[in-house]
Amino acid sequence: MNVRAAVCPRHGPPEVVRVEERAVAAAGPGQIGVRVAVAAVNFPDVLLVAGSYQVSMPTPFVPGSEFGGIVDEIGPQTSGFAIGDRVTGTGMFGAFAERVVVDAASLALIPQEVDLQAAAAFGVAHRTAYHTLRSAARLSAGDELVVLGAGGGVGLAAVQLGVALGAHVTAVASSPEKLEAAGHYGAARLINYTTDHLRSALRSALPDGADIVIDPVGGDLSEPALRSLGRGGRFVTVGFASGTIPRIPLNLLLIKGVQVLGFQFQDVPPDEFTRNEQELHELLTTGRVKPHVGAIFSLDNTAAALRHVADGRAIGKVLIDLS
């Protein structure tokens, strides 16, 4: 079967991605065919296209790591799904296509209370943010939480989820529009680092220091945010959307008695992983947390969607509508 898909023919900027017809094989044993309705764009998609991600993807390939759609084929020896089921899936690549064939183990049924757009926008950013807050940062109700890049996918999710967990959130972002979104989802303090001196602004906002900093950005923001921590605080790095890996003066750790941690899913203990997933599922299905969709593009405009994310203009999640 041939379907339309966004293809990265060679590594480069988002503009190398083009839409073309591409064959999709039939579902094999343990596999499911899904008609994709919506896909979400994440910053690692940009890095994979550029060839600068921590894992290299041989070209040509179909980018896209997150999607929601309808089951239209069930491979042999495959159980747990039926034709017509609404499902969501995540993976390293392949989502920016009208149809995908994936391992059944990579799919999850979408709860009846959740629409396809929300399901597709929820997986990567909100799961990253929630596991970071619960298992890396060890956030408790009442903690002072600083979120860098608070307008982006992971950042805005961390704002939403931090508020839901009872933290007092200080949002740091690059534009009034991003800060407006963070404020809408409950951030108590808003700091524009392009107009305010970040170290001074954080000291003024948090005279007793922050308990936790979540950093999906890196670059020049990391050190002043680390300095904002109170004694015994936790700084968790999630990624480097700025494109620059910061150098941290280790004397700060010694003087302030703080911890610097890195988050990866495989480091979450199995029992905590199950607990986090159950709690996050409840937040989504009860409507306490819903992804913020800042922009929607068509499949033909996939390159523009990737550029939107690459340039840091995304507020919340960026989607590609294939319905």
Side-chain angles (χ1 to χ4, degrees), residues 2-25 34 36 38-69 89-103 106 120-121 123-125 127-128 149 152-155 174 215-222 237-247 262-266 294-322:
N2 287 340
V3 299
R4 297 174 73 243
V7 177
C8 175
R10 65 184 187 281
H11 291 128
E15 288 73 22
V16 303
V17 173
R18 63 194 185 205
V19 176
E20 59 185 45
E21 292 275 328
R22 192 173 175 89
V24 178
V34 179
V36 178
V38 60
V41 184
N42 295 290
F43 192 71
D45 301 327
V46 175
L47 298 179
L48 278 172
V49 169
S52 57
Y53 194 53
Q54 57 201 25
V55 177
S56 180
M57 185 65 60
T59 58
F61 70 95
V62 176
S65 54
E66 188 173 20
F67 66 89
T90 58
M92 187 66 69
F93 62 94
F96 299 161
E98 292 176 329
R99 187 175 186 272
V100 297
V101 173
V102 296
D103 291 341
S106 70
V124 171
R127 289 180 69 234
T128 298
V154 172
S174 61
D215 181 10
V217 181
D220 294 337
L221 303 186
S222 299
T237 179
V238 183
F240 310 103
S242 67
T244 301
I245 298 174
R247 295 179 181 271
F263 170 78
Q264 294 196 67
F265 280 106
Q266 60 262 39
I296 301 176
F297 293 79
S298 68
L299 180 62
D300 287 325
N301 289 312
T302 296
L306 288 163
R307 171 55 65 190
H308 190 73
V309 172
D311 289 348
R313 290 183 285 132
I315 300 176
K317 292 307 293 274
V318 173
L319 301 182
I320 296 175
D321 185 356
L322 297 102

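Sequence positions, counted from 1, serve as the residue numbers for this chain. Basis for what follows: all heavy atoms, side chains included, without hydrogens, waters or symmetry-related copies.
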[atom1] of [X] to [atom2] of [Y]: how many Å apart, nearest 0.5 Å?
{"X": "Leu299", "Y": "Leu322", "atom1": "CG", "atom2": "CG", "answer": "5.0 Å"}
{"X": "Gln264", "Y": "Thr128", "atom1": "CD", "atom2": "OG1", "answer": "10.5 Å"}
{"X": "Phe43", "Y": "Tyr53", "atom1": "CZ", "atom2": "OH", "answer": "10.5 Å"}

Might you confirm whether atom CZ of Phe263 has over 12 heavy atoms from other residues, nucleotides or ligands at distances under 6.0 Å?
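Buried by this count: over 12 neighbours within 6.0 Å.
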
Kindly check if the number of other-residue, nucleotide or ligand heavy atoms within 6.0 Å of CG (Asn2) is above 12?
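Buried by this count: over 12 neighbours within 6.0 Å.
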
Do Phe297 and Leu319 pass the side chain to side chain contact (heavy atoms under 4.5 Å, CB included) test, and can you show the C-alpha distance, the side-chain angles, and the key distance before you say yes or no?
CA-CA 6 Å; Phe297 293 79; Leu319 301 182; over 6 Å; no

Are any of the side-chain heavy atoms of [X] and [Y] separated by less than 4.5 Å?
{"X": "His11", "Y": "Thr59", "value": "yes"}
{"X": "Val217", "Y": "Phe240", "value": "no"}
{"X": "Ser65", "Y": "Thr90", "value": "no"}
{"X": "Val101", "Y": "Arg99", "value": "yes"}
{"X": "Val16", "Y": "Cys8", "value": "yes"}
{"X": "Leu306", "Y": "Val17", "value": "yes"}
{"X": "Pro14", "Y": "His308", "value": "no"}
{"X": "Val7", "Y": "Arg22", "value": "yes"}

Give me the atom names and distance for the closest heavy-atom approach of [X] to [Y].
{"X": "Pro9", "Y": "Pro60", "value": "CA-CB, 4.1 Å"}
{"X": "Ala40", "Y": "Ala121", "value": "CB-CA, 4.4 Å"}
{"X": "Ser56", "Y": "Pro58", "value": "O-CD, 3.8 Å"}
{"X": "Pro216", "Y": "Val238", "value": "CA-CB, 4.1 Å"}
{"X": "Ala305", "Y": "Val318", "value": "CB-CG1, 4.2 Å"}
{"X": "Met92", "Y": "Leu48", "value": "O-CD1, 3.3 Å"}

Pairs touching residues 42-68 that satisfy salt bridge (charged side-chain N to carboxylate O under 4.0 Å, His left out), sequence neighbours left out
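Only Glu66-Lys317 qualify under salt bridge (charged side-chain N to carboxylate O under 4.0 Å, His left out).
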
Please check if any side-chain donor atom of Thr237 sits under 3.5 Å from a side-chain acceptor atom of Asp215, or the reverse.
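Thr237 vs Asp215: no donor-acceptor pair found between side chains.
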
Regarding Asn301 and Ser298, is there a side-chain donor-to-acceptor distance under 3.5 Å anywhere?
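Side chains of Asn301 and Ser298: pair found under 3.5 Å.
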
Between Arg4 and Glu20 (salt bridge meaning N to carboxylate O under 4.0 Å), is one present in this structure?
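No, this pair does not count.
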
Are Val38 and Ile320 close enough, and set up right, to give a side chain to side chain contact (heavy atoms under 4.5 Å, CB included), and what steps lead you there?
CA-CA 6 Å; Val38 60; Ile320 296 175; over 6 Å; no

